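Reviewing the structure listed below.
Letters go in sequence order (proteins before strands), and every chain restarts at 1. Computed from a predicted model, the values in this text were never measured in an experiment.
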Amino acid sequence: MSYDPQELEAEWRRRWAESGRYEADPDGRDADDVTFVTVPYPYPNGGMHIGHARTYTVPDVYARYRRQQGDNVLFPIGWHVTGTPIIGAVERLQSGDTHQIESLTNAFVVPESDLADLETPMGFARYFIENHYKAGMRQLGLSIDWRREFTTNDDRYAAFIGWQYETLKERGLLEKGLHPVNYCTNEAQPVTTHDIYEGEDAEFQEYTLIKFNGADDDVVYPMATLRPETVRGVTNAYVDPDATYARATVDGEAWIVSEEATEKLDLQAREVSVEETVAGADLVGKRVRNPVTDEELPIVPAEFVDTDSATGVVMSVPAHSPDDWIALEEAKERAVDLADDGVDPDEIRAIEPRPVLTLEGYGDYPAKDAVEEHGIESASDPALEAATQELYNREFHRGELLEAYGEFAGEIVEDVRDDLDSHFRRRGDFDAMYDLDESVICRCGGDVEVAEQETWFLRYDDENWSERALGAIESLDAIPETTREQYVNTVDWLEEWPCIRNYGLGTRLPWDDEFVIEPLSDSTIYMAYYTVAHRLGDVPPEELDRDFFETLFYGADAVDDPDERALELREEWEYWYPVDYRCSANDLISNHLTFSLYHHAELFDEEQWPRGITSMGMGLLEGEMMSSSKGHVVLPDEAIEEYGADTVRFFLLNSSEPWQDFDWRADEVGSTHDQLARFWDRAIDVIEGPDGKRELEEIDRWLLARLQETVREVTDAMDRFETRTASQNAFYRLEERLKWYRRRTDLDRPGARWTLRTVLETRLRLLAPVIPFMANELHERLTGEPAEAVPWPEPIPEFEDPTVVAEEGLVADVLEDVREIIAVTDTDPEAIRLYVAADWKRDALETVTDVGPDRGPVMSEIMQDDDLREKGDAVNDLVGDLVEFVRERDEGTLATLSEIDERAVYEDAASFLAREFDADIAVYAEDGEPVDPDDKAGQARPFRPAIHLE
RNA sequence: GCGAGGGUAGCCAAGCGGCCAACGGCGGCGGACUCAAGAUCCGCUCCCGUAGGGGUUCGUGGGUUCGAUUCCCUCCCCUCGCACCA
């Protein structure tokens with residue numbers, strides 16, 4: 001019967017579903033034999049593709065492995081629907097967005113007739129949950145306990161999250177404050193990336209405002225800059241003479257800023273009232289005083305000033321800004337014309353750039369050097385931007401501030417910019433505002449600006465909380481280990497995290513239902529929810545109050561009147577928790593995973609902190625990034641239909657380790673299928689063949705010895721989530737051994753049949769986590785029981801045999817050497833003579849082993865023997881070879897070899913070698929007066945016989 | 001720019017001080033089997049070589065070592081993350 005994955009897999013799916021095999025409940029097994037694995041719950045704002053398939057299969061492999069090791073294993077799943085992506089998708093669908101519709105109907109093959117179901121957010125989510133994720137997970141054979149699924153939009157889940165946030169608030173880790181957000185001025189509400197029509201990549205910058213004062217009045221001219229350290233290099237200010245500026249009262253002070261800026265400042269939680277508008281031209285010629293240096297400087301007109309960027313009033317630092325350098329040059333050239341605008345031409349001509357720092361490789365005026373180096377002639381030169389960027393970077397990382405900077409003098413800009421900025425802010429000379437670095441338009445057509453909004457933050461920068469989080473990182477098994485540092489770095493740079501949004505699916509903030517808790521904040525401890533999700537349905541949502549969860553998580557003593565039901569559930573939570581391994585992705589380390597550690601560290605005791613996290617890489621398709629919007633995806637459904645679930649699993653887990661990126665290549669998946677089919681055929685031959693008898697020859701012992709190695713290697717790999725190493729060893733590496741074995745011996749022998757059956761049985765158990773359908777089926781046919789019903793293999797001491805492994809290695813070496821000689825000489829020998837090294841050579845090897853691989857000492861030891869001394873150069877050459885031989889091998893190997901009777905090994909292999917080369921084989925001892933027509937015998941070395949072909 | 005990971009033969013990819021010209025897979029070449037194709041099996045696949053050998057390689061340039069693909073440094077290139085996007 002040939003390999004038919006479809007039929008076979010359907011049958012096993014049915015068996016698993018009917019038996020409820022993977023529904024896990026607490027039983028007698030104690031904590032050491034309980035394993036809880038999770039994976040981030042899917043976000044069903046679209047379909048499932050092959051990359052998701054790997055994400056969910058990795059924990060499944062581990063879950064299956066632990067079950068075979070005798071554990072009670074829980075592997076649950078839920079559905080994340082929080083926030084706006086699903087709502088956004090529904091809105092785009094309803095508005096007839098062709099791109100969205102195509103992505104659904106093409107990439108995810110949603111039938112036209114089903115589109116109507118997708119018109120509500122939960123309808124949309126439910127569609128993909130049922131038709132894509134659940135269907136795909138079942139097809140893949142994931143061993144999930146389906147009773148525990150939920151969505152993050154469920155009432156009971158909201159009660160749980162509500163408890164979490166009430167608790168955090170009470171502990172002072174949730175705080176209200178202002179925070180910058182992208183804000184649509186038309187709709188008067190915050191917007192997300194999905195809402196943006198133009199300028200999606202825009203970032204908002206925090207500008208420093210240097211508060212220059214009018215020399216003649218008390219008005220503030222806030223000059224916006226991203227380089228506050230250049231404050232001592234300002235030579236003049238620029239305004240756009242054709243623009244409209246405003247004189248406004250900002251937080252009680254009189255400011256001059258562009259008209260646009262007054263609106264921005266207003267959005268950024270400042271008290272702004274515009275007193276009067278002022279033409280830009282009227283500002284030209286006025287003088288302003290630098291708050292740091294106290295110098296008076298002129299305001300010069302310039303058309304390049306963008307009044308829609310920050311305050312619309314800019315300062316000029318010609319020594320360090322190529323832009324400003326060019327602008328000053330040009331201003332000097334048209335100085336005469338400026339007289340008409342009320343600026344004194346002589347003053348302009350007299351402007352000298354003022355350096356603020358020294359930069360290696362540049363003169364006093366780095367901007368001048370940069371302009372000259374890039375050959376820039378005018379402000380319109382496109383090279384100007386690159387020149388500016390280059391200089392800014394160099395000055396930031398290498399520029400040393402001059403003496404005038406006092407406490408900051410001699411420091412590198414990078415190290416002190418923030419300190420310098422806050423120093424002057426404290427003195428009241430500097431202020432700040434946000435602005436976007438490019439124009440951003442909302443889908444509604446409205447202008448998007450940065451607004452400061454009242455919001456609730458999680459205080460991830462709280463010192464005590466961070467300490468606890470670091471503790472959770474320390475006790476974590478971070479896989480791969482290199483990720484640990486990433487967690488630590490994340491804790492170091494995390495600041496406050498705004499955890500609410502104005503709209504979206506999910507849990508409302510309990511004390512202010514205007515806001516919803518955002519997705520990264522409602523997914524930090526939900527693994528705990530799985531432990532009781534299937535039993536929570538018995539409790540009406542309104543009874544799931546704070547006390548209920550306090551009791552559930554903290555016990556009867558935590559509240560005055562503990563709920564009996566909560567106490568019962570507590571037993572199950574205590575049974576499963578903590579999560580042993582969370583299989584997640586690299587890109588979630590800097591947010592979700594670290595958040596999760598924070599929340600566990602705060603809300604639960606150390607024993608409940610996550611034990612391990614493995615971080616997975618991403619998937620490529622034929623060498624390129626997958627993209628559902630471009631239709632560049634493979635759906636698990638289609639792949640399974642074409643190749644079978646075992647092939648899909650095997651390919652995904654064997655082509656790279658989980659944390660490495662993998663590349664789905666149809667060609668290779670196809671050949672993976674063929675390899676499984678071949679394996680199937682061979683297994684069937686063994687199963688249907690005779691049982692054989694345990695009458696073992698050397699070669700059988702060799703294969704069994706190799707098998708024990710495989711068992712050890714696969715077990716170690718499984719423990720470390722190295723799915724590739726595990727399957728490579730259990731499948732390919734062992735197959736290589738079998739290939740040799742088949743060549744080497746008569747497979748019809750009873751001993752060989754027995755060996756083959758033993759190897760197959762063990763191998764099927766090792767492969768069962770990765771290819772459960774096929775492995776269980778074959779194992780059941782072989783033994784009467786599926787592989788998952790019997791224990792994971794352990795190495796069997798009586799089959800460990802390094803000697804037989806080393807002996808077989810010698811046979812392979814000889815085979816290789818003879819083949820090499822045949823190839824080079826292009827002959828077809830009728831007789832092959834092997835000469836085993838003389839005894840004195842073996843003695844010499846022993847001497848080298850004892851004395852150590854050092855030529856001098858070895859020679860002086862050996863030369864004490866008169867017989868050897870007579871051999872002269874032959875000894876010298878031999879020792880050279882032997883020293884190298886010993887250096888390249890460890891002690892154990894040398895000890896094993898020293899026990900071997902080399903001649904007997906070749907004599908036993910003679911019939912095999914004769915078959916391979918179709919030639920007569922004769923084995924001689926070098927010192928046994930052998931037949932030696934071409935005088936070859938002397939070339940023999942220990943474990944490397946001399947060879948003669950005839 | 002900052003943080004992390006990585007650059008190995010035609011491609012993918014293992015190795016992480018000597019057993020390495022470098023596992024394995026794919027592709028290519030030759031042979032066996034076959035009417036033929038496919039599948040399967042055997043061998044070859046950096047260069048040279050009529051005796052198991054020699055030469056040049058593991059992003060670049062240095063260094064440590066008796067010895068480096070493996071350790072240290074410089075530089076170049078690629079991927080991911082960098083906050084309100086899940």
Side-chain angles (χ1 to χ4, degrees), chain A residues 40 42-43 45 80-86 88 179-182 190-194 200 203 389 392-393 396-397 414 455 457 460 480 482-483 485-486 488-490 492-501 504 518-521 523 585-592 615 617-618 620 623 625 651 654-657 659-663 665 667-668 670-672 674-675 677-678 681-682 724-725 728-729 731-733 735-736 739 742-743 809 813-814 816-827 853-855 884-890 893 916 934 936 939 944-949:
Chain A
Y43 203 96
N45 62 331
H80 202 196
V81 300
T82 307
T84 54
I86 292 172
H179 191 77
V181 294
N182 287 334
V191 291
T192 68
T193 319
H194 285 286
E200 217 170 324
E203 284 176 28
Q389 202 53 51
Y392 279 17
N393 274 336
F396 181 61
H397 294 290
E414 179 172 12
T455 189
F457 300 101
Y460 290 134
T482 52
T483 56
E485 206 181 328
Q486 293 191 57
V488 174
N489 286 337
T490 303
D492 288 345
W493 70 249
L494 267 177
E495 292 171 10
E496 296 170 317
W497 181 268
C499 62
I500 54 165
R501 297 289 180 271
E518 62 87 40
L520 285 163
S521 300
S523 55
N586 293 137
D587 52 355
L588 295 180
I589 291 175
S590 63
N591 47 52
H592 162 71
S615 297
M618 356 172 281
L620 301 176
M625 298 259 276
F651 181 85
N654 180 64
S655 60
S656 59
E657 301 292 6
W659 43 91
Q660 299 172 321
D661 296 349
F662 74 94
D663 189 1
R665 289 180 187 262
D667 280 357
E668 300 200 16
S671 77
T672 299
D674 295 345
Q675 284 155 356
R678 203 177 313 156
D681 290 342
R682 290 226 168 89
R724 176 184 152 86
T725 303
Q728 285 269 333
N729 276 300
F731 197 81
Y732 293 105
R733 197 98 154 252
E735 187 59 34
E736 292 280 305
K739 222 158 128 179
R742 284 184 214 111
R743 239 171 116 176
D813 289 346
V814 167
E816 180 66 31
D817 278 348
V818 173
R819 183 180 297 126
E820 168 89 17
I821 297 167
I822 290 176
V824 174
T825 57
D826 196 24
T827 52
D854 263 312
R855 213 172 165 123
E884 204 164 313
F885 183 90
V886 170
R887 264 196 186 151
E888 289 168 355
R889 269 155 259 260
D890 61 45
T893 310
E916 284 287 318
D934 278 348
K936 295 283 185 195
Q939 292 177 359
R944 185 128 207 231
I947 296 168
H948 179 246
L949 306 189

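- Distance CD (E735(A)) to C1' (rC41(B)): 12 Å, rounded to an integer number of Å.
- Surrounding CG of D826(A) are at most 12 heavy atoms belonging to other residues, nucleotides or ligands under 6.0 Å away.
- The base of rG3(B) lies outside donor-acceptor range of the side chain of N489(A), with no N or O pair under 3.5 Å.
- Within the cation-pi definition used here (under 6.0 Å to the ring centroid, within 45° of the axis), R889(A) qualifies as a partner of F885(A).
- One finds the CD atom of E657(A) at 3.5 Å from the OG1 atom of T725(A) (value rounded to the nearest 0.5 Å).
- The environment of Q660(A) atom CD is dense: over 12 non-hydrogen atoms of other residues, nucleotides or ligands sit within 6.0 angstrom.
- Residue contacts shown for I589(A) are absent, as no nucleic acid heavy atom lies under 4.0 Å away.
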Item to complete: Using a 3.5 Å limit on both pairing distances, list the dot-bracket string of RNA chain B from the 5' end; Watson-Crick and G-U wobble pairs count, crossing pairs take [ ], interstrand pairs take |.
Response: ((((((((.[[[..)..(.....]]]((((((.......))))))(((....)))...[.[[[..)....]]].])))))))....
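- OP1 and OP2 of rG15(B) both lie 4.0 Å or more from every side-chain N or O belonging to R724(A).
- Considering only residues two or more places apart in sequence or on other chains, D674(A) meets the side chain to side chain contact (heavy atoms under 4.5 Å, CB included) condition with none of them.
- Checking the phosphate oxygens (OP1, OP2) of rA14(B), a side-chain nitrogen or oxygen of Q660(A) falls inside 4.0 Å.
- Within 4.0 Å of P519(A), counting heavy atoms only, lie sugar-phosphate atoms of the nucleic acid but no base atom.
- When only modelled atom types and interatomic distance are considered, S521(A) and E518(A) share a side-chain donor-acceptor pair under 3.5 Å.
- Across all strands, V181(A) comes closer than 4.0 Å to no nucleic acid atom at all (heavy-atom distances).
- When the P atom of rA14(B) is taken as reference, atom CD of Q728(A) falls 9 Å away, rounded to whole Å.
- Among the atoms of the strands shown, none is found under 4.0 Å from any heavy atom of I822(A).
- K936(A) comes within 4.0 angstrom of a nucleotide base, judged by non-hydrogen atoms across all strands.
- Listed pair R733(A) / rG25(B) fails the phosphate criterion, with no side-chain N or O lying under 4.0 Å from OP1 or OP2.
- Nucleotides rA14(B) and rC23(B) are separated by 6 Å at their C1' atoms, to the nearest Å.
- Rounding to the nearest 0.5 Å gives a distance of 11.0 Å between NE2 of H80(A) and CG of N45(A).
- Counting any heavy atom pair closer than 4.0 Å across all strands shown, P945(A) reaches a base atom.
- Atom CZ in R678(A) sits roughly 10 Å away from atom P in rG25(B) (whole-Å rounding).
- Distances shown here put every side-chain N or O of S590(A) at or beyond 4.0 Å from the OP1 or OP2 atom of rA83(B).
- Both H948(A) and E485(A) lie close to RNA chain B; mapped to their nearest nucleotides by heavy-atom distance, the more 5′-ward contact belongs to E485(A).
- With rA86(B), rG53(B), rG25(B) as the candidates, the nucleotide lying closest to the side chain of E820(A) is rG53(B).
- Within the 4.0 angstrom heavy-atom criterion, base atoms lie near A946(A).
- In the set rC80(B), rC85(B), rG52(B), rG52(B) carries the atom at the smallest distance from any side-chain atom of Q939(A).
- Looking at heavy-atom distances under 4.0 Å, W497(A) makes contact with a base.
- Among the atoms of the strands shown, none is found under 4.0 Å from any heavy atom of E518(A).
- Put simply, CG on N654(A) and OG1 on T672(A) are 7.0 Å apart, with the number rounded to the nearest 0.5 Å.
- Between F457(A) and E495(A), the closest side-chain pair of non-hydrogen atoms is not below 4.5 Å.
- Straight-line distance from the CG atom of N586(A) to the P atom of rG6(B): 11 Å, rounded to whole Å.
- T455(A) has its side chain out of reach of R501(A): every pair of non-hydrogen atoms, C-beta onward, lies at least 4.5 Å apart.
- Distance from the side chain of F396(A) is smallest to rG1(B) among rG24(B), rG52(B), rG1(B).
- Looking at which nucleotide of RNA chain B each of T827(A) and R742(A) is closest to, the 5′-most match is held by R742(A).
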Protein N or O to nucleotides 8-10 of chain B N or O, pairs below 3.5 Å:
none

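- In this structure, R887(A) does not reach the rG17(B) phosphate: none of its side-chain N or O atoms is under 4.0 Å from OP1 or OP2.
- For D663(A) and rC11(B), the CG to C1' distance is 10 Å, given to the nearest whole Å.
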